[in-house]
Protein chains: 2
Amino acid sequence: VPLLFFPSCFCVCFLTAAADLRTSIAAFVEGRQAAIVGELVDLLAIPNVAADRENIRRNAAHLRRLLERREFKTELLETAGNPLVYGELRVAGAKRTVLFYAHYDGQPVHPAGWKQASPFTPILREGRFEDGAAERPISQTRYEKDWRIYARSASDDKSPVIALLTAVDALRANGRTPTSNIRVILDGEEEAGSPNLAPAIPRHRDKLAADLMVILDGPRHPGGRPTVVFGARGNLAIELTVYGPKFPLHSGHYGNWVPNPAMRLTQLLASMKGLDGRVLVEGFEDGVGTIPADEQALLDEVPDDPEGLKRLFGISGHERADLSTLQRALQRPSLNIRGLSSGFVGEQARTIIPDRATAAIDIRLVKETPGAAMAEKVRAHIRKQGFHIVDTEPDDQTRARYDRIVRVQARGETEAYRTPASDPQASALVAAIEKTLGTRPVRIRTSGGTVPISHFIKTLGIPAVSVPIVNFDNNQHAENENLRLGHLFDGIVVIAAVLTM
Amino acid sequence: VPLLFFPSCFCVCFLTAAADLRTSIAAFVEGRQAAIVGELVDLLAIPNVAADRENIRRNAAHLRRLLERREFKTELLETAGNPLVYGELRVAGAKRTVLFYAHYDGQPVHPAGWKQASPFTPILREGRFEDGAAERPISQTRYEKDWRIYARSASDDKSPVIALLTAVDALRANGRTPTSNIRVILDGEEEAGSPNLAPAIPRHRDKLAADLMVILDGPRHPGGRPTVVFGARGNLAIELTVYGPKFPLHSGHYGNWVPNPAMRLTQLLASMKGLDGRVLVEGFEDGVGTIPADEQALLDEVPDDPEGLKRLFGISGHERADLSTLQRALQRPSLNIRGLSSGFVGEQARTIIPDRATAAIDIRLVKETPGAAMAEKVRAHIRKQGFHIVDTEPDDQTRARYDRIVRVQARGETEAYRTPASDPQASALVAAIEKTLGTRPVRIRTSGGTVPISHFIKTLGIPAVSVPIVNFDNNQHAENENLRLGHLFDGIVVIAAVLTM
């Protein structure tokens, strides 16, 4: 059916071949549903919290076997933490080498919140448990697209690994050869921040060399179309603590005379953002400039539903007067207050001048605004408001000398990354998906959130894109994580398209 | 010795008589120390938390007996809560009637924090326990001035009652007659906010009628001189909650697009006060005007030690550029942020756009700025900043309609009161203390804190002053409340002066 709507006629024969690929892969998947789901369920049954070293090793060994079954040459790359599972499948006449990244560890679990015996005993439901979907025995000969597997890492991030392996199987079963050498690196510490991933590069540069990196992680756009993501914002987390008297004072006895740190903190924070939502820190958006026309087109094509989101969130307007769409807003660095604390509110409130007031802030970075320079700009802004910056609790001498004192604490920094939409390899990938699926993928120029592997991506120095395949309502990182099977089955086709691009 | 420094010569003979009063009362106290302390200790041994109705009744009955022993006519004035203990001592040839107010209930106790078996088993120490002072058997024949009684209500507010009764005894023992009829009203719910005190007035107007009300509560000025307080600031407590999305959102995925309620709250709060500490709410100080010269003189004479306070508090400056002294600052209404809360800070911080941000505010009122009008000014200011004010959680319709939504909750309101320093009765009281003690009392035009009886004071419609006698470092309202005995002994002389003014 999508063919009927496809606007370009000059490439019909190629399209037909691509559509053939789609049909043949889909048919393979249809006939092998039980085996595919069975392979996923076996993998999900191995607990995979990064801190659980023993089970992590079991996952790694299991994944090696799954790769070897597809004739990958495999290796465990040891790190200071959990091992990286590495695999390589060389192809005669390959046009390029693609490095696929996925992770095999999952978020920590709080079993009490799960609607099943254990997050590591996968169950099958006929839909979303929030909608009252019934459970079914997990072994079936056929699975409906709307059925879901519930288990930790069902979506994040084990099913993409199964999708990749199945795509290789499907091509082989159809007598097709991938057009790229395939390299796979599976991270065992992504949910723990991937602390040992970037340092592994120098030791394994040869194994990781590639023309394109494809990240298999994250959800598809909510609209349901195949999705390609070109980059992610970074994050600079800082905490500001403004000091008042050394101990809380009676606000009646001293109010109007002893300075109030909560008021001074709010004045400082308010100085950072105008009522129109623009950040007033000097140079905050320096270098961001105008987005090239081709990338601007990307933003405008994303089928977001702002009115639906506003209804869902219960808001009537957006933060920045000059950035009306979500995609435009995500192309710029943001300054967000994620926490405020001083004294007490509600029933606990006491009539005091608090001794301190704290704000936790996260600044989302874009490629043009590296973290170190941004941190310096924020500090300069704070100084310009008349504050003396300290790194530790102020001592008596400091208190006696400075009227406005703020502690600035770094709380983590991750850089942004972004591959140009015009990159030839990335463009080829988008084109291959478009041809095979018969629909242009949603192209996300910059994903708003931050990924812990951005440092790894930047260090590799190759173009990188994400090809997320799972459903957006997968309860990622939360209880009752799940995978909609239709997304897995469709994802296999998408990855097959990437493998033959 | 103080006589040597007294500057006026024309009233030497009167002064001599006054000094005689001081000497004779002090001698009486000196000879009766054991009985005075014993009477206080017996009273302290009766638990007096307002909610403990049974023991409160025991206190009331005990106090009645103590009053009757001094030939007061007594009565329990029943209220919806705890009874008021009333006593009257009529005096032939009285110049006036003075109504003394004190309270017999005490703050709730957390025995674990006390350095003694029970807050209601008084103990004696040779000084402050913070300084390592040793305990002594509580029965002694003589007590040093620096020794302290530790117990709940030792200072707040049972010792002032004992001081008043002992002053009556002392005058009688010296063959002197009070110059005023004495009326006493003892509140059993002051620490619970005195909810039944003001409503009792209409029923007992005749009994409460007087020319002057003298409140026996609170600490002397830290400098140690006798102290007279002419008024207290009121308090208007409000809570502001600014609403963001209906649930916390990922700050990466939505930062720059979904409005942040914490930022909007800080902008709102910062709009209320300039960097010079002046409140920017329109009309905030309307009516306060210029302080009359005689009252201004009061302020300037208070022997505060601002540099000492700054060192103690660890601050280098004061809140308002235009109000350098503490006493000047306390003559004006203040706007204080007593609490801030939104999302999480510190280790709990998560990268979210919080769903709400709350500030607890207390506005100290002065006589010229009644609470209801002040609340309306604050609401007008909030509206002027573009906020829609709601009284409850906003519903979907309200959320869809208004961009900036804030809930304004009233959290209590108490009016200020103030007796003019020029009031003849108050002036006579100050003069009597000055003559008897040989030193001018510290005169506090407005105490910064709020007293729950201000509504009672205002309803009575008579001049009212406080004559606090206890030590300022008494751990009022906290664990290890104590009374320095020297303050009690001196306080008896001060009250004797008031009784013969």
Side-chain angles (χ1 to χ4, degrees), chain A residues 233 235 239 245-246 249-260 262-263 266-267 269-270 273 275 313-320 323 326 329-330 332 334 336-345 349-354 357-358 360 362 364 396 399-403 411 448-450, chain B residues 233 235 239 245-246 249-260 262-263 266-267 269-270 273 275 313-320 323 326 329-330 332 334 336-345 349-354 357-358 360 362 364 396 399-403 411 448-450:
Chain A
R233 291 201 289 191
N235 189 15
E239 199 154 295
K246 283 162 102 171
L249 292 175
H250 191 292
S251 66
H253 294 155
Y254 297 106
N256 257 7
W257 193 70
V258 170
N260 181 305
M263 180 53 84
T266 64
Q267 290 171 334
L269 294 169
K273 201 175 257 196
L275 295 176
F313 298 158
I315 57 175
S316 70
H318 49 270
E319 169 93 331
R320 280 185 61 159
L323 299 175
L326 176 59
L330 299 182
R332 296 182 175 266
S334 66
N336 178 64
I337 302 177
R338 58 182 182 161
L340 281 179
S341 178
S342 186
F344 304 90
V345 302
R350 302 188 222 153
T351 53
I352 55 166
I353 299 169
T358 299
D362 60 287
R364 298 288 166 168
D396 286 355
R399 284 176 167 278
R401 189 157 164 202
Y402 300 101
D403 185 33
R411 293 287 192 184
T450 302
Chain B
R233 290 200 289 191
N235 190 15
E239 200 154 294
K246 282 163 104 171
L249 293 175
H250 192 292
S251 64
H253 293 156
Y254 297 106
N256 257 7
W257 193 70
V258 170
N260 181 306
M263 180 54 83
T266 65
Q267 289 171 335
L269 294 170
K273 200 176 256 196
L275 295 175
F313 298 158
I315 57 175
S316 70
H318 49 270
E319 170 93 331
R320 280 185 60 159
L323 299 175
L326 177 58
L330 298 182
R332 295 179 174 269
S334 65
N336 178 64
I337 303 176
R338 58 184 183 160
L340 282 179
S341 178
S342 185
F344 304 90
V345 302
R350 302 189 223 153
T351 53
I352 54 166
I353 299 170
T358 299
D362 60 287
R364 297 289 165 167
D396 285 354
R399 284 177 167 277
R401 186 155 166 204
Y402 300 101
D403 185 34
R411 293 289 192 181
T450 302

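Sequence lines set the chain letters: A, B, ... in the order given, protein chains first and strands last, and positions in each chain run from 1.
For A:R411, the part lying near chain B is the side chain, with the backbone staying farther off; criterion is any non-hydrogen pair under 4.5 Å. With a 4.5 angstrom heavy-atom cutoff, A:R364 touches chain B only via side-chain atoms. Proximity to chain B (any heavy atom under 4.5 Å) is shown, for A:A349, by both the backbone and the side chain. Heavy atoms of A:R320 lying under 4.5 Å from chain B belong to its backbone as well as its side chain.
Here the closest heavy-atom approach between residue A:R338 and residue B:T351 is recorded as NH1-CG2, 3.4 Å. For A:L323 against B:W257, the heavy-atom pair with the smallest separation is O-CD1, 4.0 Å. Smallest separation of non-hydrogen atoms from B:N256 and A:A329: ND2-O, 3.2 Å. Scanning both residues, B:H250 and A:G449, for their nearest heavy atoms gives CE1-CA, 3.8 Å. Between A:Q267 and B:A270, the shortest heavy-atom contact is CA-CB, 3.9 Å. When all heavy atoms of B:I337 and A:A262 are compared, the pair lying nearest together is CG2-CB, 3.6 Å.
Counting heavy-atom pairs closer than 4.5 Å to chain B, the top residue among A:G343, A:P245, A:P259 is A:P259. Of the listed residues (B:A360, B:S251, B:G255), the one with the most heavy-atom contacts under 4.5 Å to chain A is B:S251. Chain A forms more heavy-atom pairs under 4.5 Å with one residue of B:D403, B:I352, B:L326 than with any other, namely B:L326. The candidate with the highest count of non-hydrogen atom pairs below 4.5 Å against chain B, out of A:R350, A:R332, A:R401, is A:R350. Note: B:N260 leads B:D362, B:N260, B:T450 in heavy-atom pairs under 4.5 Å with chain A. With chain B as partner, the option from A:N235, A:L275, A:L330 having the largest number of non-hydrogen pairs under 4.5 angstrom is A:L275.
A:T266 contributes atom OG1, which lies 5.0 Å from atom CG of B:L269 (distance to the nearest 0.5 angstrom). Here CD1 of B:I315 is found 7.5 Å from CG of A:L249. Values are rounded to the nearest 0.5 Å.
With hydrogens and angles ignored, the 3.5 Å screen pairs a side-chain donor or acceptor of A:S316 with a backbone N or O of B:Y402.
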